[in-house]
K.L.:
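First the structure, which I've put down as structure tokens, then a few questions once you've had a look.
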Number of protein chains: 2
Amino acid sequence: MVLTNQRHEILGYLKRARRHPTADQVYREVKKKLPRISKATVYNNLRHLVEKDLVEEVNVNGVARFEYRRNDHHHMVCTNCGRIDDIENEELSRLMNYIGSEIEGYEIERSATTFYGICRDCKNERGSQ
Amino acid sequence: MVLTNQRHEILGYLKRARRHPTADQVYREVKKKLPRISKATVYNNLRHLVEKDLVEEVNVNGVARFEYRRNDHHHMVCTNCGRIDDIENEELSRLMNYIGSEIEGYEIERSATTFYGICRDCKNERGSQ
DNA sequence: GTACGTGCAAATGATTTGCGTTAAG
DNA sequence: CTTAACGCAAATCATTTGCACGTAC
């Protein structure tokens, strides 16, 4: 893989990011370091990094979000503010892998579990209104 | 809810459809019965039906797909042809509900599990090439 | 009669692509 | 050197919106 400056900065930013940024957010952030970078380059690189399994893509409401690949985990999406949190649950991961291996006909490559709800911050805000 | 002809046909089509059609597929099919229907009407109604919980929306690769709401179930998406199949697994449903109820802070409303892989048809096609 | 729904066309927003130029290995 | 990657602008695709007209109840 050709390690360009652009690719390096994009991956670096994702490594640091706690949240799950959209392509546009990655673009804005990386632009601070590399002001001449184009949006197309960000999109191309994100796709590339996902293909190389260095980055994970999570699709929420039709918008792609990205995160540096780490342990097997699941997602919680706040339906109010759009925030995503990671959760780990070994029992769930184990069951998913087991089911994946048992499905007739299909050859499962991966799986994703997402919980939707209201995050603590949004719940508090609502309560205090 | 105002039950217009358009809404009736859209819901009727989804009830019959075995697959999980996109908005465009719904449009094309319903157009056969109601040639003057517009795409906007299809989109508006699909959104409406989802809000009313009569229809379920599944987002795959950034494209919305729809299905008439039935039992709690999960999805398998073929990464080759895009086909979606439903699977039921009580143990998984039970565990998901349990985890959802236990997550600190979040107030979970729903959850979704999707398996990605190669379906039987695509596997056979590849094998015979 | 009135609010809600429809059809059309235009707008939006995310993502992709074509192409001439640049830089990594 | 040579191929992959870049930057830019234009294109594409799914979805939404504004508005004048029509229809369910």
Side-chain angles (χ1 to χ4, degrees), chain A residues 1-14 17 19-67 77 79 81-84, chain B residues 1-14 17 19-67 77 79 81-84:
Chain A
M1 179 170 72
V2 184
L3 188 57
T4 61
N5 226 317
Q6 291 86 333
R7 194 163 288 170
H8 181 249
E9 287 298 336
I10 289 170
L11 195 54
Y13 168 59
L14 288 176
R19 288 285 165 264
H20 301 62
T22 62
D24 193 67
Q25 288 168 332
V26 174
Y27 170 68
R28 279 188 227 270
E29 280 309 311
V30 174
K31 207 172 171 56
K32 291 177 184 168
K33 288 233 181 152
L34 304 174
R36 290 187 43 79
I37 199 172
S38 73
K39 225 169 199 180
T41 296
V42 172
Y43 274 101
N44 287 335
N45 273 313
L46 287 171
R47 191 144 33 89
H48 191 97
L49 292 168
V50 168
E51 269 161 26
K52 292 281 183 256
D53 256 337
L54 289 166
V55 167
E56 194 175 337
E57 183 174 344
V58 191
N59 198 301
V60 178
N61 297 326
V63 180
R65 289 158 159 267
F66 302 87
E67 73 177 314
V77 177
T79 52
C81 67
R83 151 182 182 166
I84 303 179
Chain B
M1 178 171 73
V2 183
L3 187 57
T4 61
N5 227 319
Q6 292 86 332
R7 194 163 287 171
H8 180 251
E9 287 297 335
I10 290 171
L11 196 54
Y13 168 58
L14 287 177
R19 288 284 164 265
H20 301 62
T22 63
D24 193 67
Q25 288 169 334
V26 174
Y27 170 66
R28 278 187 228 272
E29 280 308 312
V30 174
K31 207 173 171 58
K32 290 178 184 168
K33 287 234 180 149
L34 303 174
R36 290 187 45 77
I37 199 172
S38 72
K39 226 169 199 180
T41 295
V42 172
Y43 273 101
N44 287 336
N45 274 313
L46 286 172
R47 191 144 35 88
H48 191 98
L49 292 169
V50 168
E51 268 160 26
K52 293 280 182 257
D53 257 337
L54 288 167
V55 168
E56 194 175 338
E57 183 174 346
V58 191
N59 198 302
V60 178
N61 297 327
V63 180
R65 287 156 161 269
F66 302 88
E67 71 177 318
V77 177
T79 52
C81 67
R83 150 182 183 167
I84 303 180

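FYI, side chains are in, hydrogens and waters are out, and symmetry mates aren't considered; it's all heavy atoms of this structure.
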K.L.:
Measure CD1/B:I37 against P/C:dG5 and give the value in whole Å, please.
P.N.:
14 Å
K.L.:
Please report the interatomic distance NZ(B:K32) to OH(B:Y13), rounded to the nearest 0.5 Å.
P.N.:
8.0 Å
K.L.:
Do B:L49 and B:K52 touch side chain to side chain, with heavy atoms closer than 4.5 Å?
P.N.:
no
K.L.:
Kindly indicate whether the side chain of B:R19, heavy atoms from C-beta on, has any atom under 4.5 Å from the side chain of B:Q25.
P.N.:
no
K.L.:
Is the backbone N or O of A:V60 less than 3.5 Å from a side-chain atom of A:R65, with the two atoms forming a donor-acceptor pair by type?
P.N.:
no
K.L.:
Considering only heavy atoms from C-beta outward, does the side chain of B:L46 approach that of B:L14 to under 4.5 Å?
P.N.:
yes
K.L.:
Considering only heavy atoms from C-beta outward, does the side chain of A:K39 approach that of A:D24 to under 4.5 Å?
P.N.:
yes
K.L.:
In whole Å, what is the span from the CG atom of A:N61 to the P atom of D:dT15?
P.N.:
12 Å
K.L.:
Could you tell me how far apart A:L46 (CG) and D:dC6 (P) are, to the nearest whole angstrom?
P.N.:
11 Å
K.L.:
Among residues 26-36 of chain B, which contact DNA chain D at a heavy-atom distance under 4.0 Å?
P.N.:
none
K.L.:
With a 4.5 Å heavy-atom cut-off, do A:E67 and A:I84 have their side chains touching?
P.N.:
no
K.L.:
Rounded to the nearest angstrom, tell me the gap between atom CD in B:E51 and atom P in C:dC4.
P.N.:
14 Å
K.L.:
Whole-Å distance between C:dG5 C1' and B:K52 NZ?
P.N.:
13 Å
K.L.:
Look at the side-chain N and O atoms of B:Q6 and state whether any lies under 4.0 Å from the OP1 or OP2 oxygen of D:dA24.
P.N.:
no
K.L.:
Would one find more than 12 heavy atoms of other residues, nucleotides or ligands at under 6.0 Å from atom CZ of B:R28?
P.N.:
no
K.L.:
If the cut-off is 4.0 Å, is B:T41 near the phosphate of C:dG5, judged by side-chain N/O to OP1 or OP2?
P.N.:
no
K.L.:
Taking the side chain as every heavy atom from C-beta outward, state whether A:L11 and A:V55 have any atom pair closer than 4.5 Å.
P.N.:
yes
K.L.:
Whole Å only: how far is the CZ atom of B:R7 from the C1' atom of D:dT23?
P.N.:
13 Å
K.L.:
If the sugar-phosphate is the primed atoms plus P, OP1 and OP2 and the base is the rest, what is the B/S/- string for nucleotides 11-25 of chain C, using protein heavy atoms under 4.0 Å?
P.N.:
---SBBB------SS
